[in-house]
Amino acid sequence: MNNKKGILIIGAGGVSMVATIKCAKNIDTFGHITLASRTLSKCENIAKTVLEKTGIKIDIAQIDADDTQALIELIKKVNCKVVLNVALPYQDLTIMDACSATNTHYIDTANYEHPDIAKFEYKEQWARNDDFASKNLTALLGSGFDPGVTGVFVKYIQQNYLDTIEYIDIMDCNAGDHGYAFATNFNPEINLREVSANGRYWEDGKWIETKPLEIRVDHDYPEVGVKPSYLLYHEELESLSKNIKGLKRIRFFMTFGDSYIQHMNCLQNVGMLGIEPVIHNGQKIVPIEFLKTLLPDPASLGERTHGKTNIGCICEGLKDGIRKKYYIYNICDHQECYAETCSQAVSYTTGVPAMIGSKLVYNNTWNLRGTRNVEEFDSTAFMNELNSQGLPWKVIELDL
Ligand code: NDP
C-alpha cells in the first residue's frame, strides 16, 4: 500500500458506486481508496466496476458500521486521512465517534436519524462540534446534492449576486422514468420516511408545520418543464436558516408523479410504511424494512431510467438596495450518468459532491474545524469542482 494517507469510504450502495468511481478519477488527491461495507460482495462489485471504468485498483473490507470499536480498528488499519460515510444516516454517530477517536476527518451526505424514530436533525451531530474542533478535525455534514450542493449554491449567490438573501425556495425535480409503477430512487426506507412525514418550512424565525404533501406548486423547471412539486421538510432547512443571516423564509419542494403518490398513500393506509415491528406468523418484522425487500433495488434503476433531474435554488433578496431574484441549478441526464458510472442521476448527483467535499477537506482547501455545514465555507472551489467533475450549473435572473 502507498504510504500516503488515503480515503476510507463506508457503504456500498448506489451513492457509493458513484463516489468511489469519482474518488478513483481523483486518485492524485486521495492516494489510495478502501471501500468497506456490511456486505462484502457489494464492495467487490463496486471495486470491479471502478477497475473497469478507471483502471484504479481499490482495497475492500467488511465492516458493521454500527460497531464503533470495529470502525476504529479498521480506520487504523487502512491508514486514511478522511472517512466518507455513504452508508445510512443511522451510522452517522458511530462513524463520527470512530473518526474522532482516530484523528480522522469525517464527511457524510445525510443527517443522523435514529432507526426507531422517523425524525432527522443535526442536534446530535452538532453536539460533537467541540470534540472535532479540539482535535483540529473537520466533520463536513451533508455533502450530497440536497443537502450539499443546494447549500453551496446559496452561499455562491450570497458571495456573488446578493447582499442579503431574504427568500429561498429549493426546487428538486427528478423527471426520470424507470418504467416501474413504483420504486424509490434512493434507499426506500429513508426516502419513504422523508416523504410521508409532515412538511415543515421556516418563516420569520419560526417553523410552520404542514400535513404530508399538503402544499403543491406547479413549477416550471428549466429544460424539463412544468411539474407538480410538493413542500417537504428537508434537512438543509435547519442549517441554512441558522447560517444565512437576514433570511426571512426558506422552503423545500420536490416533484412526485401521481403514480408515486397513489402508491405511497395506499402503502401508508395499509400500514406498510410502519417502523414499529409487527408479529407475522410468529416472526417480528418491520413493515417498511419488508417493503424495502420487495421494491426494486435503487442501484438497479440506472440502466432503465431515462430523462433528467433539475435541482436548484431560487434566491430573492437585495443587491445595492435593489430587489433581485436568481435561479441557480444543475441539470443531469440519467442515461449520461449511467454511461459514466453505471448509476442513475439521483446517486450521481449525491456521489459527485460527496467526493468533492472529501477532496476539499482532504487537501485542506476547506479547513474550518469542528462540525460544519457546506454553506459555512467559501463556495468558489466547490463550484469550480462541480463544473469539472460532471455537475455543471447555471445562474439565471428571474422576473420579480
Ligand atoms: P443504499 O441503501 O443503496 O446503500 C447503503 C449502503 O450502506 C449499503 O451498502 C448498506 O449495506 C450499507 N450499510 C447499511 N448499514 C450498514 C452498517 N451497519 N454497516 C456497514 N454498512 C452498512 O443507499 P444509497 O446509496 O441510496 O444512500 C446512501 C446515503 O446517501 C444515505 O445516507 C442517503 O440518505 C444519502 N443520500 C443523500 C442524498 C443527498 O442529496 N444528500 C440523496 C440520496 C441519498 P448492505 O447492502 O449490506 O445493507
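We count ligands from 1, going down the list as the structure has it; atoms in each ligand are counted the same way.
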Original post:
Quick one: nearest non-hydrogen protein atom to atom 9 (O) of ligand 1, plus distance?
Top reply: A12 N, 2.9 Å
**OP:** Report yes if some N/O of P147 lies less than 3.5 Å from some N/O of ligand 1; otherwise report no.
**Re:** yes
Original post:
Does the H234 side chain pair with the main chain of E236, one donor and one acceptor, at a distance under 3.5 Å?
Top reply: no
**OP:** Provide the number and element of each atom of ligand 1 under 4.0 Å from a heavy atom of D66.
**Re:** 18 (N)
**OP:** Would you confirm whether E235, through its side chain, and N111, through its main-chain N or O, come within 3.5 Å as a donor-acceptor pair?
**Re:** yes
Original post:
Heavy atoms only: which of A87, G13, P188, G142 is nearest to atom 28 (C) of ligand 1?
Top reply: A87
**OP:** State whether the side chain of H105 and the backbone N or O of L137 hold a donor-acceptor pair below 3.5 Å, judged by distance alone.
**Re:** no
**OP:** For atom 11 (O) of ligand 1, find the nearest protein heavy atom and state the residue, atom name and distance (0.1 Å precision).
**Re:** S37 OG, 3.5 Å
**OP:** Heavy-atom contacts with V86 under 4.0 Å: which atoms of ligand 1 show up? List them by number with element.
**Re:** 28 (C)
Subject >> Nearest candidate to atom 25 (O) of ligand 1, where distance is taken over non-hydrogen atoms, out of V15, D297, D108 >> reply: V15
**OP:** Check the pair N26 / M355 against side-chain contact (heavy atoms from CB on, under 4.5 Å), numbers first and verdict last.
**Re:** CA-CA 9 Å; N26 287 267; M355 180 284 292; 3.4 Å; yes
Subject >> Short side-chain to backbone donor-acceptor contact, T54 and I56, under 3.5 Å >> reply: yes
**OP:** Would you kindly check if the NZ (Lys) or CZ (Arg) of K227 is within the cone defined by 45 degrees around the ring axis of Y221 and under 6.0 Å from the six-membered ring centre?
**Re:** no
Subject >> Polar proximity ligand 1 side, G14 side, N/O cut 3.5 Å exclusive >> reply: yes
Subject >> Mode of A36 contact toward ligand 1 - side chain, backbone, both, neither (heavy atoms, under 4.0 Å) >> reply: neither
**OP:** For D64, counting its heavy atoms only, list the atoms of ligand 1 lying under 4.0 Å from any of them.
**Re:** 17 (C), 18 (N), 19 (N)
Original post:
Under the criterion side-chain hydrogen bond (donor to acceptor under 3.5 Å, both in side chains), which of N85, D64, D67, D66 is the partner of Q91?
Top reply: D66
Original post:
Is it the side chain, the backbone, both or neither of A110 that has a heavy atom closer than 4.0 Å to ligand 1?
Top reply: side chain
**OP:** May I ask you to identify the nearest protein heavy atom to atom 46 (O) of ligand 1, giving residue, atom name and distance to one decimal place in Å?
**Re:** K42 NZ, 2.6 Å
**OP:** Mark up the atoms of ligand 1 that fall under 4.0 Å of a heavy atom belonging to I190, in ascending order.
**Re:** 34 (O)
Original post:
Which protein non-hydrogen atom lies closest to atom 48 (O) of ligand 1, naming both residue and atom, and how far is it?
Top reply: R38 NH2, 2.5 Å
Subject >> Mode of D146 contact toward ligand 1 - side chain, backbone, both, neither (heavy atoms, under 4.0 Å) >> reply: both
Original post:
Would one find an N or O of T39, backbone or side chain, under 3.5 Å from an N or O of ligand 1?
Top reply: yes
Original post:
Which residue owns the protein heavy atom closest to atom 5 (C) of ligand 1, what's the atom, and how far is it?
Top reply: L88 CD2, 3.8 Å
Original post:
Sub-3.5 Å donor-acceptor pair from the side chain of T39 to the main-chain atoms of S41, do we have one?
Top reply: no
**OP:** Answer with side chain, backbone, both or neither: which part of T350 has a heavy atom less than 4.0 angstrom from an atom of ligand 1?
**Re:** side chain
Original post:
Is any N or O atom of F145, backbone or side chain, closer than 3.5 Å to an N or O atom of ligand 1?
Top reply: yes
**OP:** Look at atom 19 (N) of ligand 1 and say which protein heavy atom is nearest, naming residue and atom and giving the distance to 0.1 Å.
**Re:** A65 N, 2.8 Å
Subject >> Main-chain N/O of A345 paired with H334 side-chain donor or acceptor, under 3.5 Å >> reply: yes
**OP:** Quick one: look up the protein heavy atom nearest atom 2 (O) of ligand 1 and list residue, atom name and how far away it is.
**Re:** N187 ND2, 2.8 Å
Subject >> E340/K25 ion pair, N-O < 4.0 Å >> reply: yes
Original post:
Is any N or O atom of G11, backbone or side chain, closer than 3.5 Å to an N or O atom of ligand 1?
Top reply: no
**OP:** Find out if a path of hydrophobic residues (ILVMFWY) with successive side-chain heavy-atom gaps under 4.5 Å connects V226 to Y327.
**Re:** no
**OP:** Look at the side chain of W202 and the backbone N and O of L237, then say whether any donor-acceptor pair between them is shorter than 3.5 Å.
**Re:** no
Original post:
Heavy-atom contact under 4.0 Å between P89 and ligand 1?
Top reply: yes
Original post:
Within the distance-only criterion (no hydrogens, no angle test), does the side chain of Q159 pair as donor or acceptor with the backbone N or O of S379 below 3.5 angstrom?
Top reply: yes
Original post:
Any donor and acceptor pair, going by atom type alone, linking the side chain of N364 with main-chain N or O of N367 inside 3.5 Å?
Top reply: no
**OP:** Tell me which protein heavy atom sits closest to atom 44 (C) of ligand 1, plus the residue, atom name and distance to 0.1 Å.
**Re:** F186 CD1, 3.6 Å
**OP:** For I63, take its heavy atoms, then give the atoms of ligand 1 lying under 4.0 Å from any of them.
**Re:** 19 (N), 20 (C)
Original post:
Any cation-pi pair here, R216 with F253, using under 6.0 Å and within 45°?
Top reply: no
